[in-house]
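Here's the structure we're looking at; comments come further down.
All values below come from the heavy atoms of this structure, side chains included, with hydrogens, waters and symmetry mates left out. Naming convention: chains lettered A, B, ... in sequence-line order (proteins, then strands); numbering from 1 in each chain.
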Amino acid sequence: MMAVFVALFILCSFTIDGFLSAANMEGLTLAVSTIGIVACTMLFCLASGDFDLSVGSVLACSGVLSALVTVTTGSVVIGALAGVCIGGLVGLFNGIVIAFFRINALITTLATMQIVRGLALLFADGKSIFVPNPRFCALGTGNIAGVPVPVLILVVFFIFFGLLLGRTVFGRNTLAIGGNKEAAHLAGIRVRFYKIMIFSMQGVVAGFAGVILASRMEIGDPKVGVSFELQVISACVLGGVSLTGGVGSMIYVVSGVLIMGTVENAMNLTNVPTFWQYVVRGGILLTAVLFDQFRQNPGALRNVLKSFKRKPQM
Amino acid sequence: MNEPQIEFRHVTKVFPGVRALEDVSFSVARGSIRGLVGENGAGKSTLLKILSGAYQPTEGEIHIGGKRRNYNNTLGAIASGVAVIYQELHLVPDLSVAENLFLGHLPHHSGILKSRELYAKARDLLAQLGEDINPRARVRRLPIAQRQMVEIAKALSRGANTIAFDEPTSSLSGREIQKLFEIIRGLKLQGKAVLYVTHRMEEIFELCDSVTVLRDGRHIETFEDMREVTQDILVNRMVGRNIENIFNYHARERGEAALEVTGIAGKGLSKPATFKVHKGEILGIFGLVGAGRTELLKLIYGAVPPDEGTVRLLGRNIIFRHPRQAIRHGVMLCPEDRKAEGIFPVRSVMENLNISARRKNGFLIYEKWEQYNAEKRVEDFNIRTPSLKQLILNLSGGNQQKVILGRWLSENVKVILLDEPTRGIDIGAKSEIYSIMYRLAKEGIAIVMVSSDLPEALGVCDRLMVMRDGEISGYLERGEFDSQKAMNLALPVQRNEGVA
């Protein structure tokens, strides 16, 4: 998939004017930074065989809460902490319900997705909260050596969580749980503890991403991030992370996120109408997944073609 | 002689790393019952799966009713009049008997179910088999024997002329077996061709008209006349060598008690269990499926926390509440169902070997040690794999099992609990696993081995503990090993009547 991204990138640089410009590159990376950050931990959820639908609502809720707390206390640090904490709490709650009460992750996080969205609207009373504090905006809008801070954070996250998944016991055990939960239990892995850790981590990171987003927009918006969770999962799957668990690597996520960002950016630059952008995005996701399946298992394509051609013998 | 109904012509099936079938040719006549025997891993189930359309042969052809069939799915097999009745039945538990019978071709009128017709047809069909089953009953509520009848009726409802059975009697009582045999003889009289796969020799002689022996994926011999063959001849063809040799038992010194279990109770046991196993000893646990053997091991290991009881490990009282604690104290479990509980299928051989024994280098995994450890295990246990990076699911069953054994031995092991360690693996790999067990026992490790294979239990163990209905029913020392005695201890009391 990385190769696909590189090809796509080269194609865009030659065919689209202004694609390679510094301003556009900054815009492209900034646009994917939120999705990319949350995708890092979504990778762990997917690798362990679950997924988390509540991240979009957490994004909104933590943004709102951090804006509110910053406005009332005047302290940016406390505000940011509040945002991260609410995310962590939601994640912890998800993890406990999934691990101890054995409720399916889809149902659990579908429920918390709505609960947390409701909380965000309640906290903000349905309105966006403006933060007139320049220090609050530094996290999202500042830059170091010309690179926007959210992009730097994204890079650090890619590296950190990439190492965590591929090179540590935590990561290997996560993959083992996704590959065979029962075997993992019998091999002495504390499956429940891992599930709780993975979901808490996801919550904390989604909360952090919410703070960054609020800081970038200078407001805490309770309506932000609707269907964000699906974009994050799309990016992971686009890169080649398996939905059934047990298979995954950060390089997949990086390529998925970058492909998604590039396509979107290219569509904006070439003025593809918004309505068509949805169609294109869906099409690309489906194509990528099909392509990946047939690349891994070339026989599958033949079988599909065969079954179209011929009815079973009578 | 009737004309052949099924004909296998030079069928070969290759999986990555294994040739499951090699040039198998034989045929089964209409109106006859053919036994198919062979050791585990001989290729019987692969052959049935090819017949059912679940697998396609790599080479060769199948002819059914005189015509070449080239189906690539189970629908094609059904359309060709083939039905395979597996050990695990393929019924939808929450649908009614009648719905299961006609699943895929329910009687309907423009999509609206004709229930009266459905139940009437189902009743007729079941009556033909002489079965008194309510067609409206949920399949979930039926006993296993009746579910099997439903499966047979389903095959008939689809007009099957070729019916294959895969060890159908493994969970039936004596009386139920007799009834099943009656039905199978009835199928024969109707001119159907029956292929009957079993491990039980006496069933072959009671039921079959002829018998085919497979070994290591090859067709060894077909005996057309059962009068020409004896049990000894069959076993000899199946094994291809003297059975004594594969066990290759030698006596060992029995050390002090390694694991003493006192009054352990919990899920799956009807009475608290008390037993001990010594250093250097191989203790066998024999019993029928469902006797509570697996459950007992899981209670000791902490995979299922026990309700009460104590475990004394080398003089220390401990009770394990999680496998992690057991592993830390040197008690290892090699689970029964390799696929579901043992391997991490989409991970590499190296990863599978190192999963419970990790060395860290600060934050990161110590990759070099893991590489070294995996290489050592692969060499030690003669694990045949193209590389350490190979996904474990591409290995043969025997090699997967050796990987799982190797996984535990990277640590300081004191007691190994093996649950059916040789199930579904070929005879060569079995004998390798036995020799690994002997070696470990010689090093002073205590081994507990659950086995359903009586010759194996008698051939490998120093002492045999027999379980029945969730409790320990008796012990046999090696000197007094006797298959009849062991079987009597294992069989539920009411099951003795009517066993052929």
Side-chain angles (χ1 to χ4, degrees), chain A residues 46-49 99 159-194 240-249 252 296-300 302-314, chain B residues 53 56 67-80 298 301-304 320 322-328 332-347 351-352 354-367 370 391-393 404 407-408 411 419:
Chain A
L46 294 173
S48 70
I159 294 169
F160 175 78
F161 285 105
L163 286 176
L164 188 67
L165 187 69
R167 306 280 300 278
T168 68
V169 177
F170 185 86
R172 295 291 175 85
N173 286 353
T174 300
L175 287 164
I177 290 169
N180 190 342
K181 205 164 97 182
E182 202 46 45
H185 174 63
L186 291 178
I189 296 171
R190 288 168 297 169
V191 177
R192 288 177 181 174
F193 167 79
Y194 269 81
V241 180
S242 153
L243 270 185
T244 48
V247 184
S249 150
Y252 297 161
Q296 280 171 12
N297 181 6
R302 240 193 350 256
N303 281 343
V304 171
L305 292 177
K306 234 202 245 169
S307 62
F308 274 127
K309 244 186 273 171
R310 224 182 22 194
K311 296 216 156 152
Q313 264 185 15
M314 283 299 160
Chain B
Q56 278 80 58
K67 273 192 282 182
R68 182 176 176 194
R69 302 293 179 168
N70 194 7
Y71 41 75
N72 56 7
N73 53 32
T74 45
L75 272 177
I78 293 168
S80 306
K298 285 196 170 170
Y301 187 60
V304 176
F320 303 124
H322 191 281
R324 192 181 156 79
Q325 296 168 330
I327 293 166
R328 200 177 282 158
M332 313 296 177
L333 172 80
C334 185
E336 173 185 20
D337 189 337
R338 199 161 45 238
K339 222 187 211 157
E341 305 185 315
I343 62 169
F344 298 96
V346 292
R347 313 291 301 161
E351 185 70 19
N352 269 282
N354 285 313
I355 190 79
S356 302
R358 292 244 108 118
R359 293 291 182 279
K360 277 192 277 189
N361 203 351
F363 174 63
L364 301 181
I365 282 175
Y366 192 1
E367 303 257 5
E370 297 213 334
L391 297 188
I392 193 169
L393 67 100
I404 294 175
R407 175 190 295 171
W408 300 128
E411 291 295 302
D419 198 350

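- A donor-acceptor pair under 3.5 Å links the side-chain atoms of B:Ser356 to the main chain of A:Ala187, judged by distance alone.
- Summarising the geometry of B:Gly342 relative to A:Ala183, their closest heavy-atom pair is O-CB, 3.4 Å, with the distance given to 0.1 Å.
- Residues B:Ile355 and A:Asn173 are in side-chain contact: their nearest non-hydrogen atoms beyond the backbone lie under 4.5 Å apart.
- Evaluation of the salt bridge (charged side-chain N to carboxylate O under 4.0 Å, His left out) test over residues 161-185 of chain A, restricted to residues two or more places apart or in two chains, returns A:Arg167-B:Glu367, A:Arg172-B:Glu351, A:Arg172-B:Glu367, A:Arg172-B:Glu370.
- Of the possible polar contacts, one joining the A:Asn180 side chain to the B:Ala340 backbone as a donor-acceptor pair under 3.5 Å is found.
- Annotation for A:Gly179 and B:Pro345: closest pair O-CD, 3.7 Å, computed over non-hydrogen atoms.
- Neither the backbone nor the side chain of B:Tyr366 comes within contact range of chain A, judged by heavy atoms closer than 4.5 Å.
- Taking 4.5 Å as the limit, some side-chain heavy atom of A:Leu186 sits within range of a side-chain heavy atom of B:Tyr301.
- To the nearest 0.5 Å, atoms CZ (A:Arg190) and NE2 (B:His322) are separated by 7.5 Å.
- Residues passing the side-chain contact (heavy atoms from CB on, under 4.5 Å) test with A:Phe160, sequence neighbours excluded: A:Leu164, B:Phe363.
- With contacts defined as side-chain heavy-atom distances shorter than 4.5 Å, the pair A:Leu175/B:Arg347 qualifies.
- A donor-acceptor pair is defined here as one N or O able to donate and one able to accept, closer than 3.5 Å; such a pair exists between the side chain of A:His185 and the backbone of B:Ala303.
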